[in-house]
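Naming: A, B, ... by sequence-line order, numbering from 1 per chain.
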4 protein chains.
Amino acid sequence: MLKRLPRVVREQQMLDAAVKVFARRGFHTASMDEIAEVAGISKPMVYAYLGTKDELFVACLRREATRLMEAVAAGVRPTARPDEQLWNGLRAFFAFVGAHRDGWRVLYRQARSEPQFTGELAGMRARIVEVVAGLLESACAAAAVPARPGDFTAMAYAYVGAAESLADWLADHEEEDPDHTATRMMNFVWVGAESLLRGRIWRAQEGPSR
Amino acid sequence: MLKRLPRVVREQQMLDAAVKVFARRGFHTASMDEIAEVAGISKPMVYAYLGTKDELFVACLRREATRLMEAVAAGVRPTARPDEQLWNGLRAFFAFVGAHRDGWRVLYRQARSEPQFTGELAGMRARIVEVVAGLLESACAAAAVPARPGDFTAMAYAYVGAAESLADWLADHEEEDPDHTATRMMNFVWVGAESLLRGRIWRAQEGPSR
Amino acid sequence: MLKRLPRVVREQQMLDAAVKVFARRGFHTASMDEIAEVAGISKPMVYAYLGTKDELFVACLRREATRLMEAVAAGVRPTARPDEQLWNGLRAFFAFVGAHRDGWRVLYRQARSEPQFTGELAGMRARIVEVVAGLLESACAAAAVPARPGDFTAMAYAYVGAAESLADWLADHEEEDPDHTATRMMNFVWVGAESLLRGRIWRAQEGPSR
Amino acid sequence: MLKRLPRVVREQQMLDAAVKVFARRGFHTASMDEIAEVAGISKPMVYAYLGTKDELFVACLRREATRLMEAVAAGVRPTARPDEQLWNGLRAFFAFVGAHRDGWRVLYRQARSEPQFTGELAGMRARIVEVVAGLLESACAAAAVPARPGDFTAMAYAYVGAAESLADWLADHEEEDPDHTATRMMNFVWVGAESLLRGRIWRAQEGPSR
DNA sequence: AATGAATGAGCTTTCATTCAT
DNA sequence: CATGAATGAAAGCTCATTCAT
């Protein structure tokens, strides 16, 4: 109990514990008591180092988000073929989620439902959406397909949503293989995206009957 | 206050109030006091009619889910063209979400983050996924495309995820037109789906390089 | 424990308990737990009826101040002789303090040291000071003594201070007789005041030597 | 921070800091953390040198009281005229309070409201009261007025109370001139006192009607 | 049927105080 | 000598839930 550890170490222990507990219990049900206990430290230390429960949660959020972004960025090495780039990104993404299931739960399940963190989360997501939109755009340029700029973001939004949904599912299924999930996602997305980027558009046959 | 109303009516009032408050505040932050107040009724009545806070929430969940399913079912009249069927389903879905934003928030934002309701929610979602999978399968059959049964469910899962993601976004943007959102969704989904169902498959060029 | 009492009764019980505990322990050291216990009721009731600890304290303050003012007002019946009026006021004042020692402690010891209540208290005191200043002025008029208006307030301030000081002392000495204290006060004040109002003024012989 | 200073110096720094913080925040709200920080020293040092929070507060109290007594004593040089003596004492007193507003706040506002320090404070005040009573007595002797010994203390008590009240007010009004306050006090007190010492006594006309 | 009154239990947060280095 | 690290203990406040009327 009296192991005097340097601050940085303790902070990581606490964040680990917090992510675990937040993921297991949900933000509100999680108690600072349990977090401290799991971290193997007394409550006041948590407050001293990481502040309020809200602040602690945001700290978790940021750490996990940063790690995720870094993992994906490390996965996406610029290569010639845009589909390969996307594929690498997706693999990295799902691999990360598979390896950090708790972190993902905190990130995309808890954070989303707490009004206080909406802002923080929206920012993170916006960054990701823009990355994806960039990938789409460069893919489009590579394929010499004319496209309207605004649509990339909208498409990216839907794709990110689909990926999140699969990731959520992955987080809850221990047995599932991340690469398999990534392949699945790639299939949905890419085949559709390619057609779309080639100019195919679906349109309701007759005008809206309403 | 002393209006002796038949039980069924009272229950609906309470559920209306509960959905509103849960959506506005989130499950934990919502207080039984406020719900009772918004329902214009005293707290013990809420307990007498709808039980515990958890039970009350589940009741909300079920009512909203049922309504949603019914709305979608009413939208999807069996017609010849499978894309049309999907389109009708999506329109009904987004129209419902657009018209019942509060209900949607309760359903997919609050319920998802509270571990206690995961089971309930998973069941609902599974039902929807199976409906969508059924649509895909019949579409596939209509196009005389050979397909492996298990994949329909997986595809359906991703599509549902994408739809949820868009619905979530719709719920937060008052100005957005549900039909517009439905069209967007249809484009992503259908164009990709059609190709997939025709047998196009994306596959990593070389074996996983990692 | 389950004696269902009407709200008004309970509120008075609580205020009684609060005044007692605040007086005994001081504002900070007093705990809501102890107040509730002394009131013979559970903590949440205190919060439900009287609000926050701060608000509870202000409620005590107001009740005691009101009672004090009323007691004094009831004592000072307008009579011909201004010294008699003052004397009656002082008697009523010290009698009240003697009978409500706890209330006085809350009022003038606790309230004064807590920055949050300075405003509230200043208002009360200002009202008293003005009453006293009025007495002085009418006495002055009755004695046909010319006086500068601003000075009444300043004099009143000092007199009120002296009275408070004596009252404080009275509050701490169970054995002391309020009437005796009042007589003492009257002697200091009146004899001095009378001379002052007659125009006697003390002035430093030579200029300030500093 | 690592300036190895002799113990006495350090202690003064700490007391300075403590007085400042106690005055600014009040006894309870003041935290040892803040005191240590303001003193530019680590918390354990404070404990090592000056002990517990209570002990620290008492130390402040004593230092300030001693300084005050010394300042007043230095002001009151024995001269022939007793009013001059009193005047000098008052001037010194208010000058000190004006110059050490923080100290005064600690002394007479905080200490008075904390039950734990009542004893300490009562002792200090008793010493002052006796000094004043001594002045009164010698003045009385000089004027060859017969007086009952016990009354000097009682009178002194009231005068000290009035002075404290004015000092309190002075402590809160930066712009006020101490000498002005002293003059005011002198007027109230002396004119009344002189008459009293000459044997004038106010007495209720008829017996107490209660 | 309907409600004001009542509470047990729990949570976040803060602080004085002390080790171990 | 000096301090960062660590904690026990308590306080304010809230809430779901239930009686008694």
Side-chain angles (χ1 to χ4, degrees), chain A residues 1-11 28-36 39-49 51-56, chain B residues 1-7 10 28-36 40-49 51-56, chain C residues 1-11 28-36 39-49 51-56, chain D residues 1-7 10 28-36 40-49 51-56:
Chain A
M1 286 205 177
L2 289 195
K3 282 247 204 72
R4 302 281 168 124
L5 294 181
R7 174 169 187 148
V8 202
V9 178
R10 279 280 190 249
E11 281 183 349
H28 272 102
T29 316
S31 81
M32 295 298 269
D33 272 288
E34 186 177 358
I35 292 175
I41 222 152
S42 78
K43 229 188 326 176
M45 286 302 298
V46 181
Y47 280 89
Y49 283 179
T52 282
K53 191 185 188 186
D54 277 33
E55 289 166 352
L56 172 58
Chain B
M1 288 202 179
L2 293 188
K3 283 245 205 75
R4 301 280 176 114
L5 294 180
R7 172 160 187 148
R10 271 279 148 85
H28 272 101
T29 316
S31 81
M32 294 298 268
D33 274 287
E34 185 177 359
I35 292 175
I41 226 151
S42 81
K43 233 189 321 177
M45 287 302 297
V46 180
Y47 279 88
Y49 278 12
T52 283
K53 191 186 188 184
D54 278 33
E55 290 166 352
L56 172 58
Chain C
M1 287 205 176
L2 288 196
K3 282 246 205 74
R4 300 284 168 120
L5 294 181
R7 174 168 186 150
V8 202
V9 177
R10 280 279 190 248
E11 281 183 348
H28 273 103
T29 315
S31 80
M32 295 298 268
D33 272 289
E34 185 178 359
I35 292 174
I41 223 151
S42 78
K43 224 189 330 176
M45 287 302 299
V46 181
Y47 280 90
Y49 283 179
T52 282
K53 192 184 188 185
D54 277 34
E55 289 166 352
L56 172 58
Chain D
M1 288 204 179
L2 292 189
K3 284 245 205 74
R4 301 280 177 115
L5 293 180
R7 174 162 187 147
R10 271 280 148 86
H28 272 101
T29 316
S31 80
M32 293 299 268
D33 274 287
E34 185 177 359
I35 291 174
I41 227 151
S42 81
K43 233 188 323 177
M45 287 303 296
V46 180
Y47 279 88
Y49 278 13
T52 283
K53 192 186 188 186
D54 277 32
E55 290 165 352
L56 172 58

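- Here the CG-CE distance, from A:Leu5 to A:Met45, works out to 9.5 Å after rounding to the nearest 0.5 Å.
- Whole-Å rounding puts the C:His28 NE2 to E:dA16 P distance at 11 Å.
- Rounding to whole angstrom units, CZ of residue C:Arg7 and C1' of E:dA5 are separated by 10 Å.
- Here the NZ-CD1 distance, from A:Lys53 to A:Ile35, works out to 7.0 Å after rounding to the nearest 0.5 Å.
- Nucleotide E:dA20: paired with F:dT3 (Watson-Crick or G-U wobble, both distances less than 3.5 Å).
- Nucleotide E:dC11 has F:dG12 as its partner under the Watson-Crick or G-U criteria, with both atom distances under 3.5 Å.
- Rounded to whole Å, atom P of F:dG8 lies 16 Å from atom OH of A:Tyr47.
- Between A:Met32 and B:Ser42, the residue whose closest nucleotide on DNA chain E is further toward the 5' end is B:Ser42.
- The listed nucleotides are E:dA16, F:dT14, E:dT13; the one nearest the side chain of C:Pro44 is F:dT14.
- Taking atom CE on B:Met45 and atom C1' on F:dC19, their separation rounds to 16 Å, with Å as the unit.
- In this structure, the CG atom of B:Asp54 is 16 Å from the P atom of F:dC15, given to the nearest Å.
- Residue B:Lys43 contributes atom NZ, which lies 14 Å from atom P of F:dC19 at whole-angstrom precision.
- Minimum atom distance to the side chain of B:Lys53 is reached by F:dT17, of the listed F:dT7, E:dA16, F:dT17.
- In this structure, the nucleotide among E:dA16, F:dT17, F:dC13 sitting nearest to the side chain of B:Thr52 is F:dT17.
- Between C:Met32 and C:Leu56 the shortest side-chain heavy-atom distance falls below 4.5 Å.
- When heavy atoms are screened at a 4.0 angstrom cut-off, B:Ala36 is found touching no nucleic acid atom at all.
- Between A:Asp33 and C:Val8, the residue anchored nearer the 5' end of DNA chain E, judged by the nucleotide with its closest heavy atom, is C:Val8.
- As rounded to whole Å, 14 Å separates atom C1' of F:dA10 from atom CD of C:Glu34.
- Taking atom CG on A:Leu5 and atom P on F:dT7, their separation rounds to 10 Å, with Å as the unit.
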